[in-house]
Amino acid sequence: MSRKPIIAANWKMHKGPAEAVEFIEEFDNLIGDSSPVDIVLAPAFVSLPAAKQALVNSDLVQLASQNCHFESHGAFTGEISIGMLQEIGVDYVIIGHSERRSIFGEDDGLINQKAQALHAASVKPIVCIGETLDERDNDQVESVLRRQLTDGLKGLDAANMLETVIAYEPVWAIGTGRTASPEQAQDAHRFTREVIGELFGEDVAARIRIQYGGSVKPGNTAELMSQPDVDGALVGGASLDPVSFSEICKNAG
Ligand code: PEP
């Protein structure tokens with residue numbers, strides 16, 4: 001089963017509207033007219049409209065938000081609804097990022113509410129999962145991944161899952177410069193695909209795309225991507241520079 005790789009840039013709390021546009025203009029020149037991978041940019045909320053405008057003539061790059069609220073409107077100060085993101089033209093929303101889990105206390109139940117709301121609105125979630133170093137050292141990788149998948153994806157059906165991307169991001173590899181070895185990534189991806197097969201059937205398991213995230217750089221992309229169950233990357237630090245992100249996209253192809 002061939003799955004088109006998907007490479008996403010998570011800019012976190014970097015790049016306001018002007019810097020986002022500057023990046024896109026430079027990236028556009030570097031990436032050319034075609035790409036063998038799907039490319040997604042996830043700017044901060046305030047930079048989404050400017051990014052969308054800068055991408056108006058681009059068929060290659062899609063837009064993601066880094067978060068959303070699951071309610072359609074209401075008294076949720078500081079939050080952004082999925083409808084508002086759709087109005088801007090967002091294609092994907094990242095949910096369950098480990099920084100949202102650990103800094104903002106988001107749990108699998110909340111992530112599940114977001115996943116369900118996104119599918120109800122036909123916006124594609126990128127659902128992040130991954131273990132901490134402590135959990136890995138205590139042999140809990142598989143139990144953590146199984147729990148995050150089972151609880152985070154509850155209530156979704158096979159059709160929803162074909163529109164979902166999973167990002168396996170070991171927490172100990174995010175922003176640390178410490179990448180999972182290709183074998184560690186493959187083991188976790190293979191297990192993730194196996195659990196998805198149990199939950200949603202073998203067809204979904206064979207077709208769903210599973211990204212790796214955690215200190216991905218131009219130099220380690222090709223080796224990670226050569227693993228049979230690694231279908232792309234979610235990139236933080238190395239996505240902030242257009243040259244480095246364009247190299248990652250090229251090396252992933
Ligand atoms: C991330 O935040 O999703 C991430 C993978 O960050 P980095 O690439 O900087 O490790």
Side-chain angles (χ1 to χ4, degrees), residues 7-15 40-48 64-71 76-82 85 92-118 124-154 156 164-181 184-185 187-189 191-192 195-196 210-217 220 224 230 232-240:
I7 309 296
N10 174 14
W11 286 350
K12 311 192 185 191
M13 201 170 71
H14 297 284
K15 298 191 191 296
V40 180
L41 298 181
F45 283 135
V46 292
S47 302
L48 284 167
S65 159
Q66 298 172 19
N67 189 22
C68 66
H69 197 277
F70 61 87
E71 291 286 5
F76 302 104
T77 302
E79 291 291 322
I80 308 280
S81 75
I82 296 164
L85 296 170
Y92 291 89
V93 176
I94 299 171
I95 56 175
H97 191 279
S98 67
E99 286 151 17
R100 300 286 329 162
R101 291 177 189 260
S102 67
I103 304 172
F104 301 101
E106 298 195 4
D107 61 14
D108 293 321
L110 178 62
I111 291 155
N112 182 245
Q113 284 177 292
K114 295 184 186 196
Q116 296 213 28
L118 284 164
K124 300 174 192 133
I126 298 176
V127 183
C128 302
I129 57 171
E131 81 288 354
T132 62
L133 188 55
D134 229 35
E135 290 163 339
R136 175 165 283 267
D137 287 345
N138 286 300
D139 240 357
Q140 294 171 336
V141 177
E142 294 195 350
S143 61
V144 169
L145 297 183
R146 181 178 288 282
R147 190 205 71 228
Q148 291 174 337
L149 291 164
T150 307
D151 295 350
L153 304 173
K154 203 178 281 174
L156 303 187
T164 298
V165 175
I166 304 291
Y168 167 65
E169 299 206 303
V171 179
W172 47 272
I174 296 179
T176 58
R178 191 176 155 189
T179 319
S181 68
Q184 285 172 321
D187 280 352
H189 282 232
F191 178 74
T192 297
V195 174
I196 288 172
I210 307 173
Q211 299 175 306
Y212 168 79
S215 299
V216 172
K217 303 183 260 308
N220 60 23
L224 285 161
V230 177
L234 181 54
V235 189
S239 74
L240 293 171

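Since the structure is predicted, the reported quantities are computational estimates derived from the model, not experimental observations. For this chain, numbers begin at 1 and follow the sequence in order.
Across every non-hydrogen atom of Val171 and Ser98, the tightest pair is CG2-CB, 3.7 Å. Heavy-atom minimum distance, Ile7 versus Gly232: CD1-CA, 3.9 Å. Cys68 and Leu85 get closest at one heavy-atom pair: CB-CD1, 3.8 Å. When all heavy atoms of Ser215 and Ala173 are compared, the closest pair comes out as OG-O, 2.8 Å. When all heavy atoms of Leu48 and Ser65 are compared, the closest pair comes out as CD1-CB, 4.1 Å.
The closest donor-acceptor contact from the side chain of Gln66 to the backbone of Ala42 lies under 3.5 Å. Side-chain atoms of Lys15 come within 3.5 Å of backbone N or O of Leu240 as a donor-acceptor pair. Without hydrogens or angle criteria, Trp11 side chain to Ser239 main chain gives a donor-acceptor distance under 3.5 Å. Checking side-chain atoms of Tyr212 against main-chain N and O of Ala180 turns up a donor-acceptor pair under 3.5 Å. No donor-acceptor distance shorter than 3.5 angstrom exists from the side chain of Asn138 to the backbone of Gln140, with no hydrogens or angles considered.
Contact check for Ile166 versus Leu153: side-chain heavy atoms found under the 4.5 Å cut-off. Looking at heavy atoms from C-beta onward, Val93 lies out of side-chain contact with Pro125 at the 4.5 angstrom threshold. The side-chain heavy atoms of Cys128 and Leu234, taken from C-beta on, include a pair separated by under 4.5 Å. Between Leu224 and Thr179, some side-chain heavy-atom pair lies under the 4.5 Å cut-off. Within the 4.5 Å cutoff, the side chain of Ile82 has heavy atoms near those of the Leu118 side chain. Side-chain atoms of Glu99 and Ile174, non-hydrogen and from C-beta on, do get closer than 4.5 Å to each other.
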> How far apart are the C-alpha atoms of Glu106 and Asn67, what are their side-chain angles, what is the distance that settles it, and do they pass the side-chain contact (heavy atoms from CB on, under 4.5 Å) test?
Replying inline: CA-CA 11 Å; Glu106 298 195 4; Asn67 189 22; 4.1 Å; yes
>> Assess the residue pair Arg178 and Leu133 against the criterion (side-chain contact (heavy atoms from CB on, under 4.5 Å)); give the C-alpha distance rounded to whole Å, side-chain angles, the decisive distance to 0.1 Å, and a yes or no.
In response: CA-CA 11 Å; Arg178 191 176 155 189; Leu133 188 55; 3.9 Å; yes
>> What verdict does the side-chain contact (heavy atoms from CB on, under 4.5 Å) test give for Leu156 and Gln116, after you've listed the backbone C-alpha separation in whole Å, the side-chain angles of each residue and the deciding distance to 0.1 Å?
In response: CA-CA 7 Å; Leu156 303 187; Gln116 296 213 28; 4.0 Å; yes
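With rounding to the nearest 0.5 angstrom, the OG atom of Ser143 is 8.0 Å from the CZ atom of Phe191. Considering CD1 of Ile95 and CD1 of Ile129, their distance stands at 12.0 Å, rounded to 0.5 Å. Interatomic distance, Thr192 OG1 to Asp187 CG, rounded to the nearest 0.5 Å: 10.5 Å. Distance check: Glu135 CD to Glu142 CD gives 13.5 Å after rounding to the nearest 0.5 Å. A distance of 8.0 Å separates CD in Gln211 from CD1 in Ile94, rounded to the nearest 0.5 Å.
When the side chain to side chain donor-acceptor pair (under 3.5 Å) test is applied to Arg136, the partners found at least two apart in sequence or on another chain are Glu131, Tyr168. Remark: Asp108 pairs with Arg101, Arg147 by the side chain to side chain donor-acceptor pair (under 3.5 Å) rule, at least two apart or across chains. Qualifying side-chain contact (heavy atoms from CB on, under 4.5 Å) partners for Ser181, counting only residues two or more places apart in sequence or in other chains: Glu183, Gln184.
Cation-pi contact between Lys114 and Phe70: absent, since separation from the ring centre below 6.0 Å together with deviation from the ring axis within 45° is not met.
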